[in-house]
There are 2 protein chains.
Amino acid sequence: MDGTGWRPIKRTRTFEDVLAQIERRIAEDGLTVGDRLPAERQLAEQLGVSRSSVREAMRVLETLGVVSSQVGRGPDAGAVLTSRPDSALSDLLRLHLGLASLEMREVIDTRHMIEQWAAAGAAAARADTSALAAALAGMDAAGSAEEFVEHDTAFHCALADASGNRLVAAIMRSLRDSMRRYSVEAVQRLGDTSILRSDHVRILEAVGAGDPDEAARAVSEHLAHAYPSLFTA
Amino acid sequence: MDGTGWRPIKRTRTFEDVLAQIERRIAEDGLTVGDRLPAERQLAEQLGVSRSSVREAMRVLETLGVVSSQVGRGPDAGAVLTSRPDSALSDLLRLHLGLASLEMREVIDTRHMIEQWAAAGAAAARADTSALAAALAGMDAAGSAEEFVEHDTAFHCALADASGNRLVAAIMRSLRDSMRRYSVEAVQRLGDTSILRSDHVRILEAVGAGDPDEAARAVSEHLAHAYPSLFTA
DNA sequence: GATTGGGTATGGTCTGACCATACTGTGGTC
DNA sequence: GACCACAGTATGGTCAGACCATACCCAATC
């Protein structure tokens, strides 16, 4: 069967080829968020592959948060380039936490690093604190641990947003997302949440006052209060 | 997932169902790295879906770096649970940089945050510096900008590894990976790399001496030397 | 003008087939 | 008994073709 002629050795799977082609097209054609990719059938014909392979490539791109597929017809249908790294990062962290290839302590230490950095940066830039204040108000109105954690998460994500670095903010959101359940348990274990609230007030005031060092300290002590068992200085 | 019974409208795609089932199985059966998932055909039959849907789920898991598929037969064949978040993170960053939904400045600022933290942590823990020294030696022997960057990357990744936090180390590797091309250009622009080398020596010595503050300062100044145009204090 | 209904392009799913790969077991050979 | 060649088989990878649900588009109708 072989030996009768040159048969190209297949080193990459077809869908990986498709991925490379799409990525090349994005780079060369300068495609950006909001632009549409060709339809699956069309792409399959253009690249000379089956629709299955195109679909597997689409699944990868969707997993990475760069495309979003919509059924139906019209300008909004089809595969549209997006920019949603958050859910991709969340899925990644959640699954690896589930596989025990990451430990909660590592996640919380990473949070510590990011939040200190973000708080100091936000304070130095004298960032707008209205989103922080809104989240704080939500925490006061929360009736359950779940609700409390929801608004607590909003506060910390707003802090990361205030750093002005979208990558850091995306990582922060993913970290919070992947540890949501753990946070709820931590709040329930803690019982009294008043100290967490006053910590938040202190962080907000430090950012508002433009005091990076105090903001970083406040964040650090806040995490120590929230996760006394796992926190490492 | 809510158990409200039959729902006339299908809210989740089949492959997402498969994903949830696999994730549940991982959690409930306590599967861990090295364990094998059922074969695609078998999984399809068990879950009552087509093999296509199972394959799309597999592609997602592979993209997220939690499974690795091997063809053939035997104990190593099939879908094996792994833990490779690095390539997943790299792909994610690379694609989003290509889409211009992230800017290089944000990546470098994130690196700054991580490296300061890692250097200080490694110094505080008086981590082993042999990997750092090895990378340093590699930089001296490098004949091209590409080679230099390769060993430079190894140095910085070793620093992140020395922090003892696998999540931070994985993020670091991905950051370096996604900005490899940019780093090569930066080195070529710089011309003289001796200052980068002496920066590394300074970092290594600070870590070896167990001086966290000096280590953080050394890292900070090093990044300022390497990326003078993009660095923000 | 507003409404209605068919046409159609899209992604989502399924079926069944075939290929390349790589182990497994069997049988023969030395 | 040790070794080797070869058929068997389970695996992922790919393809082709079909059908469905969705949601827009547009022409016919009221």
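The chains referred to below are lettered A, B, ... by the order of the sequence lines, with proteins before strands, and numbering in each begins at 1.
Residues passing the salt bridge (charged side-chain N to carboxylate O under 4.0 Å, His left out) test with A:E115, sequence neighbours excluded: A:R111. For A:H151, there are no ring-ring contact (aromatic ring centres under 6.0 Å, His included) partners at least two apart in sequence or on another chain. The ring-ring contact (aromatic ring centres under 6.0 Å, His included) search around A:F148 returns none, not counting sequence neighbours. When the ring-ring contact (aromatic ring centres under 6.0 Å, His included) test is applied to A:H96, no partner is found at least two apart in sequence or on another chain.
Comparing C:dG11, C:dC14, D:dG12 against the side chain of A:R51 picks out C:dG11 as the nearest. The side chain of B:S69 approaches D:dG13 more closely than any other nucleotide in the set D:dG13, D:dT14, C:dC14. Here the side chain of B:P75 is nearest to one of C:dC23, D:dC15, C:dT13, namely C:dC23.
Atom pair B:E16:CD and C:dT13:C1' shows a separation of 13 Å (rounding to whole Å applied). At whole-Å resolution of the value, CZ in A:R55 and P in D:dC15 are 15 Å apart. One interatomic measurement links the two molecules: CD of B:E45 to P of D:dA10, which rounds to 14 Å at whole-angstrom precision. As a whole-Å value, the separation of B:L47 CG from C:dC14 P is 11 Å. Here the C1' atom of nucleotide C:dT13 and the CG atom of B:L19 are 15 Å apart, to the nearest Å. In this structure, CZ of A:R13 is placed 12 Å from P of D:dG12, rounded to the nearest angstrom. For the pair A:E56 CD and D:dG13 P, the interatomic distance rounds to 8 Å; values are reported in whole Å.
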Full working for salt bridge (charged side-chain N to carboxylate O under 4.0 Å, His left out) between B:R94 and B:D177: CA-CA 8 Å; B:R94 182 168 37 81; B:D177 218 49; over 6 Å; no
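Residue B:S52 is in base contact, counting any heavy-atom pair closer than 4.0 Å across all strands shown.
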Give me the distances for all protein-to-nucleotides 8-10 of chain C N/O pairs that come in under 3.5 Å?
unit_1: C:dT8; atom_1: O4'; unit_2: A:R73; atom_2: NH1; d: 3.2
unit_1: C:dT8; atom_1: O2; unit_2: A:R73; atom_2: NH1; d: 3.2
unit_1: C:dT10; atom_1: O4'; unit_2: A:G72; atom_2: O; d: 3.1
unit_1: C:dT10; atom_1: O2; unit_2: A:G72; atom_2: N; d: 3.4

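An OP1 or OP2 oxygen of D:dT14 is reached within less than 4.0 angstrom by no side-chain nitrogen or oxygen of A:S50.
Using a 30° and 60° split on the angle between ring planes, A:H156 and A:H200 fall in the perpendicular class, above 60°.
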Tell me which donor-acceptor pairs under 3.5 Å the side chains of residues 67-75 of chain B have, and how far apart each pair is, sequence neighbours excluded?
unit_1: B:S68; atom_1: OG; unit_2: B:Q70; atom_2: NE2; d: 3.4

